[in-house]
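Before any comments, here is the structure.
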Amino acid sequence: MCYYSEQSEPLLKVEKRFKAKVDKPDLFLQSDYIVGFEFLNVPVILDTSPEIISTNYHWGLVPSWSRDIDFRKNTLNARIETIDDKPSFKNITSNRCLVIASAFFEWHWNEEKGKSKDKYRVSSGESELFAFAGIYDTWLNSSTGCNYNSFSIVTTAANKQMEFIHNHKKRMPIMLKKADESAWLDSTNSVQDFALPYSADLIAFKVD
């Protein structure tokens with residue numbers, strides 16, 4: 001799974017890497033440790049506007065049909081194996097986005113119950129910045145009359161390296177290869193094209 005990430009690079013470096021402009025620089029998130037359950041506005045690039053880095057999309061997807069914003073605690077991730085069947089995701093698999101990151105964090109369980117764990121920082125072996133495969137939606141808050149934009153990170157079965165690190169659930173987020181970012185945004189390409197054995201190069205090491 002993926003509940004903890006990092007986007008520690010400055011705005012200008014992110015713009016240069018993705019050849020896009022941040023829409024609202026004052027809202028641009030730069031953090032060494034992003035907790036999914038805080039539902040922050042993580043920078044994303046939508047399929048509809050690849051020239052813009054959007055700063056008003058919250059991590060934790062709220063489907064347009066949801067009655068309650070609390071739904072988002074269940075949708076930080078979207079499993080690729082069931083994405084075409086789950087009501088939360090099945091009608092929005094063509095709503096593709098790139099979720100910008102410099103790393104994510106996962107834990108290796110040292111014993112069966114997970115009372116002893118080692119924390120790993122996982123980054124791209126290709127570049128300092130990369131993108132997770134994401135899907136997004138917009139929900140109308142009937143109480144305020146305001147739209148709430150949100151996304152989910154798509155996950156897949158772990159590759160060999162992540163099987164060791166995330167040995168409890170053996171899952172991983174889909175880290176896109178740089179050359180495949182545009183392909184992910186193109187909804188004529190099947191979501192399933194990005195399931196394991198598709199995998200980017202990873203660098204991982206233990207951290208405190």
Side-chain angles (χ1 to χ4, degrees), residues 1-11 13-14 17-18 27-45 53-55 57-61 72-81 83 97-136 150-178 180-181 184 194-208:
M1 311 306 284
C2 181
Y3 300 140
Y4 305 90
S5 69
E6 170 191 300
Q7 198 308 96
S8 59
E9 300 297 341
L11 182 150
K13 189 171 182 177
V14 174
R17 159 63 174 84
F18 289 96
L27 298 180
F28 179 76
L29 178 62
Q30 183 179 359
S31 174
D32 290 335
Y33 198 61
I34 301 168
V35 179
F37 294 101
E38 293 177 353
F39 314 113
L40 298 177
N41 286 331
V42 178
V44 301
I45 296 176
I53 298 170
S54 298
T55 55
Y57 277 77
H58 299 262
W59 188 1
L61 190 140
R72 62 190 178 176
K73 65 186 178 183
N74 302 312
T75 51
L76 293 170
N77 296 161
R79 292 173 65 99
I80 199 167
E81 295 87 349
I83 200 169
C97 65
L98 306 178
V99 183
I100 297 171
S102 52
F104 70 96
F105 300 90
E106 200 50 82
W107 282 258
H108 173 86
W109 286 24
N110 295 318
E111 43 77 38
E112 186 176 352
K113 294 186 178 179
K115 293 182 179 179
S116 170
K117 302 178 185 179
D118 289 324
K119 182 180 178 181
Y120 281 78
R121 179 184 183 273
V122 186
S123 59
S124 168
E126 185 180 15
S127 62
E128 292 178 295
L129 280 160
F130 64 90
F132 296 118
I135 57 174
Y136 66 93
S150 57
F151 69 89
S152 181
I153 292 173
V154 184
T155 67
T156 187
N159 62 16
K160 290 295 183 183
Q161 189 174 7
M162 285 303 300
E163 276 187 0
F164 170 78
I165 296 170
H166 196 202
N167 60 333
H168 174 48
K169 293 188 177 179
K170 298 184 178 180
R171 303 287 302 172
M172 65 182 290
I174 296 176
M175 294 175 63
L176 295 166
K177 300 171 186 176
K178 186 176 180 180
D180 294 333
E181 290 167 358
W184 171 256
F194 298 87
L196 199 71
Y198 177 88
S199 181
D201 293 332
L202 309 181
I203 297 174
F205 55 87
K206 284 194 286 187
V207 293
D208 294 331

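All residue numbers refer to positions in the sequence shown, counting from 1.
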Short side-chain donor-acceptor distance under 3.5 Å, S8 and S102: yes
I45 side chain near E181 side chain, heavy-atom distance below 4.5 Å: no
Residue of the set F194, F132, Y198 for which side-chain contact (heavy atoms from CB on, under 4.5 Å) holds with M175: F132
Close side-chain approach of V122 to M172, heavy-atom, < 4.5 Å: no
K177 and E126 ion-paired at < 4.0 Å: no
Note, L76 side chain near F37 side chain (heavy atom, < 4.5 Å): yes
Verdict with reasoning, R121 to E6, per side chain to side chain contact (heavy atoms under 4.5 Å, CB included): CA-CA 9 Å; R121 179 184 183 273; E6 170 191 300; 2.7 Å; yes
V154 vs I80 side-chain heavy atoms within contact, under 4.5 Å: yes
Closest non-hydrogen atom pair between S124 and F130, with its separation: CB-CD2, 3.8 Å
Test item: R171 side-chain N/O and T155 main-chain N/O as donor-acceptor pair under 3.5 Å: yes
Taking every non-hydrogen atom, the tightest pair across W184 and C97: NE1-O, 3.1 Å
is_close_aromatic(Y4, F104), centroid dist under 6.0 Å: no
Straight-line distance of K117 NZ to K206 NZ, nearest 0.5 Å: 15.0 Å
Salt bridge flag under 4.0 Å for residues E106 and K169: no
Flag side-chain contact, heavy atom, 4.5 Å: L129 against F18: yes
H58 side chain reached by L40 side chain, heavy atoms, under 4.5 Å: no
side-chain contact (heavy atoms from CB on, under 4.5 Å) partner of I100, chosen from I53, L29, V42: I53
Side chain to side chain, Q7 and F28, heavy atoms closer than 4.5 Å: yes
F105 ring center near Y33 ring center (under 6.0 Å): yes
Spacing of NZ belonging to K160 relative to NZ belonging to K170, to within rounding of 0.5 Å: 8.5 Å
Within the 6.0 Å centroid threshold, strictly below: H108 and F164: yes
Worked verdict on L196 versus T156 for side chain to side chain contact (heavy atoms under 4.5 Å, CB included): CA-CA 6 Å; L196 199 71; T156 187; 3.9 Å; yes
Main-chain N/O of C2 paired to N77 side chain as donor or acceptor, under 3.5 Å: yes
Any donor-acceptor N or O pair under 3.5 Å, side chains N159, S199: yes
Within 6.0 angstrom of K119 NZ, more than 12 heavy atoms from elsewhere: yes
Steps toward side chain to side chain contact (heavy atoms under 4.5 Å, CB included) verdict (L98, V44): CA-CA 5 Å; L98 306 178; V44 301; over 6 Å; no
N/O donor-acceptor pair under 3.5 Å between E112 side chain and G114 backbone: no
Side chain to side chain contact (heavy atoms under 4.5 Å, CB included) assessment of I83 paired with I135: CA-CA 10 Å; I83 200 169; I135 57 174; 3.8 Å; yes
Short side-chain to backbone donor-acceptor contact, W59 and F151, under 3.5 Å: no
Ring centers of W107, Y120 separated by less than 6.0 Å: no
Side-chain H-bond candidate by donor/acceptor type, S116 with E111, under 3.5 Å: no
Heavy atoms from other residues, nucleotides or ligands near CD of E128 exceed 12 (cutoff 6.0 Å): no
Which atom of E81 lies closest to which atom of A157, heavy atoms considered: OE2-N, 3.6 Å
